[in-house]
Every structure is written in structure tokens, then in C-alpha cells.
Amino acid sequence: MMLTAGGMAPTIDALKSFESAYLNQIGSEAMIWTGRAATGLYAVYRLAASLRPEIDRPEVIVPAIMCATAANTALLAGVLPRFVDVDPLTGLMDPAMIPERLTERTVAIVAIHLYGQTMALDSLRQLCDERGILLIEDHTQALGGVLPDGRPVGSAGDASVCSFNRTKIIDVGGGALTLRRAEWLEPLQAIFEAEPLPPTPAPERLAELSLSYRNMHHGLSALLRMGEIMPEEIAPLFLQVRPAYNPLYLRPAPEDGTALAAAWSGLDAALQRRRRRAMAYAEQLEGGPWHLLNGWQDSGVCWRYTLLLDHPRQQRAFSEAVRGDGFHVSNLYWPPHHFFRPQDTCPQADAFARRVVNLWVDEGISDDYPVPCAASLKKHARLLA
Ligand SMILES: *Cc1c(COP(=O)(O)O)cnc(C)c1O
């Protein structure tokens, strides 16, 4: 199906064969193409809440290292996000920490495969089955990869969401939501019939709003990182202005699927190029004052090549020095509970966020890029002493 301004519509011809092959591969019965992963998350949160109508203030469990979209869309859907601490060496949600956040209001758990690393989902699958709640996989950063047990990503969840927007593994625009059971389409259709997608704002307004969000988020994270202000002070302010950004999240599927179909057919080759670049970083960076996240070797997907600095104090100066040599560096992500719910303390996520450095493996760089980039990191490693 396609999520359109007028509700759910049949899948367009260009995407039909991908849809059925993909659903078959992950053992799911329905697929809904959207404009953003955010829209898919919103839809599946609404679905999870509607499947448990007796719960009046539903909650969803999300990891404390992720982009804030999964929390923003939860609030938009009327669901409270609860944050679970992460494994200090991968940044993936630590299943052992889930019981601290699980309540009788929990309607879903979102497992996010981070930077291309995939999470083992057996224990979460069992937990969700026991409690009759949904397991949602976000595999945007591990598209085309495998879980630790060798099955494809997306095959363990009751639902999966993926983004094909800028900076993602396929970046031609759009998103997708899959549902294990076709019977869940009906309640979802009812939701979007009663409340159709709002009109998409004009492109200039969207661009300005999304830039504003990015600036605000960077500005506030910098204050938190520096310790100039406490999360307890930021969160009420953030939650007050947050609704101004609601027009960003709900977007209909692209009308033309040809770019997506073409990109999807090239996925294996694209993943291979990403692995080649990641391998070059891994070889060059071995033995430095950092811990290398090499989980992409098991999943088969590298989204960004990621390392954790041994000495977090100089993360900012180090990243700037490498940027100064002309290389891309990011430090994704600042823990979202600081903005949404500081009382869900997650000390491992706080420590992880101060150590993380992400390097590019995208199509935007050449195969010759990783070696000089790694040389720049090694040159500036003395900043980390
Ligand atoms: C980028 C991203 C999203 C949001 O995707 P959009 O299509 O921009 O809504 C969601 N989840 C993860 C893991 C992402 O990296």
C-alpha cells in the first residue's frame, strides 16, 4: 500500500515486485510506503495503541542512543517515550535494562539497529509475545543486513520501519513500514481515514523548519555537553517548543517509485562498496587510542564507520581538527532522554555520546578517501592523550 494525502492506496506498479519479494524475505504480510520513516513510526505507534484500547496513557520503549525522531513521533502519536540505557561498547539498547522502564502501559518496544550494527532480538521477541505488545525494528541504518542469528533485519519484529531519505543507505526519498500481519492494515486504514495526513507544507517552509530544529538541537546539546545547563532545565523548554516542529513528520509516499526501485536493485553493490571503505578504516585505525565498532562485519552493513575515543574530554577538539583537514566527522547522537525525560537516567548512553566519532562510507566519498581520513585521525590522536 501507499500512504497518500487521501489515505491508503494500492502500491504503484514500479514498487510492486520489490514489495512482494521483500515481504517474502522478511516473513511479513503488508508493506506501506511513506514519505519518511518518521511517518511509519507515527503510524505503527498509533496502531500499537489502538490494539490495546484499555490502556489510556500508552508508553513505548526506545533506546537512549538514537535520533530524536522516534521520540518526537511518539509524542505526536500520543504515546510517551521511555528511554532504555545502552551497551557501552555498541550503543545498542541493552535488553537487560528494559525491565526498569517496562510498565503496564507499555504498548511497544522499538529496537534500533545503530550505525549498521544489528541487535540480537530473541529475548525481546519473547518478552513482547508474553506481554502482547509490538516489537518494532528500525533498520534504517542496517538496510539489507542480517541479525546476529543470520536472518534478515526486519524479520524478527511485528513491524519494521526504514528511511530512504538524505544520508541513508538508499537516499532517493521516502520511507517504508512493514507489518507482520495483514489484519493490522484495517485498523491503520481506519486511523488515516479518521485523521488524514495534514497537507504537506511548502518546500521552503519545510526546509526552514527542519533547519530550525537542527540548530536548536545542536545549540541545546552543546550546552548540555559543556555542562552549562542541566537536562532537567532544558527538557521543559524543549517540550514546550517541540510541537512547532510537528509539520515535519507526516509525509505521503513519493508518487514516482522508479528512483526507489532502481536504488533498491543496486543495494547489494552499494553495501559492498560501503564494506570496502569500512574495511579500509578498520585496517588503518587499528591500535589507536579508540575502540573500533566492527559490528558491521557481522551484519554486512556499514552506515557510518564508528569509533569510541578512549579519552572523551577532547571529542569536540579532535572532531574539529579532523574537519579542518577536510574530512567529514559526526558525533551522533546526543542522548534523547535529556530532552524528553531526564528522569529516565541512562549513564551508559551519556558516556557513549561523549566518546563517539562517525566517519563517512557513503557514495559521496571515493574509495581513496578512508586512508587519508584515517591518517588525519592518527595525526590528531595526540589531542586525545
Ligand atoms: C534518519 C533516521 C530516521 C528518520 O528518517 P526520516 O525518513 O527522515 O523520517 C529514523 N530512524 C533512524 C534510525 C534514522 O537514522
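Start at 1 and go down the list; that is how both ligands and their atoms are numbered. Throughout, numbering of the chain's residues begins at 1 and tracks the sequence.
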Identify, for atom 1 (C) of ligand 1, the protein heavy atom at the shortest distance, and state residue, atom and that distance. Lys168 NZ, 1.7 Å
I want to check a possible cation-pi pair here: Arg304 against Trp360, using under 6.0 Å from ring centre and within 45° of the ring axis as the test. yes
Parallel, tilted or perpendicular: which one describes the rings of His338 and Trp334, with boundaries at 30° and 60°? perpendicular
Ion pair Arg46/Glu195, N-O distance below 4.0 Å: yes
May I ask you to check whether Arg36 has an N/O atom sitting below 3.5 Å from an N/O atom of ligand 1? yes
What protein heavy atom sits nearest atom 4 (C) of ligand 1, and how far off is it? Ala37 CB, 3.9 Å
For atom 11 (N) of ligand 1, the closest protein heavy atom turns out to be Asp138 OD2, 2.6 Å
Taking distance alone, with N or O pairs closer than 3.5 Å, would you say Thr69 contacts ligand 1? no
Under 4.0 Å between heavy atoms, the region of Gln141 that gets near ligand 1 turns out to be side chain
Do Leu135 and Leu179 land in one hydrophobic cluster if side-chain heavy atoms of ILVMFWY residues count as linked below 4.5 Å? no
Say whether Ile112, considering both its backbone and side-chain N or O atoms, lies within less than 3.5 Å of an N or O atom on ligand 1. no
Would you sort out whether Tyr305 and Tyr115 count as a ring pair (Phe, Tyr, Trp, His ring centres under 6.0 Å), showing the intermediate values? CA-CA 7 Å; Tyr305 189 85; Tyr115 312 139; over 10 Å; no
With ring centroids as reference points, do Phe238 and His217 lie under 6.0 angstrom apart? no
Selected option - heavy-atom contact closest to atom 7 (O) of ligand 1, from Ser163, Ala70, Ala142, Gly40: Ser163
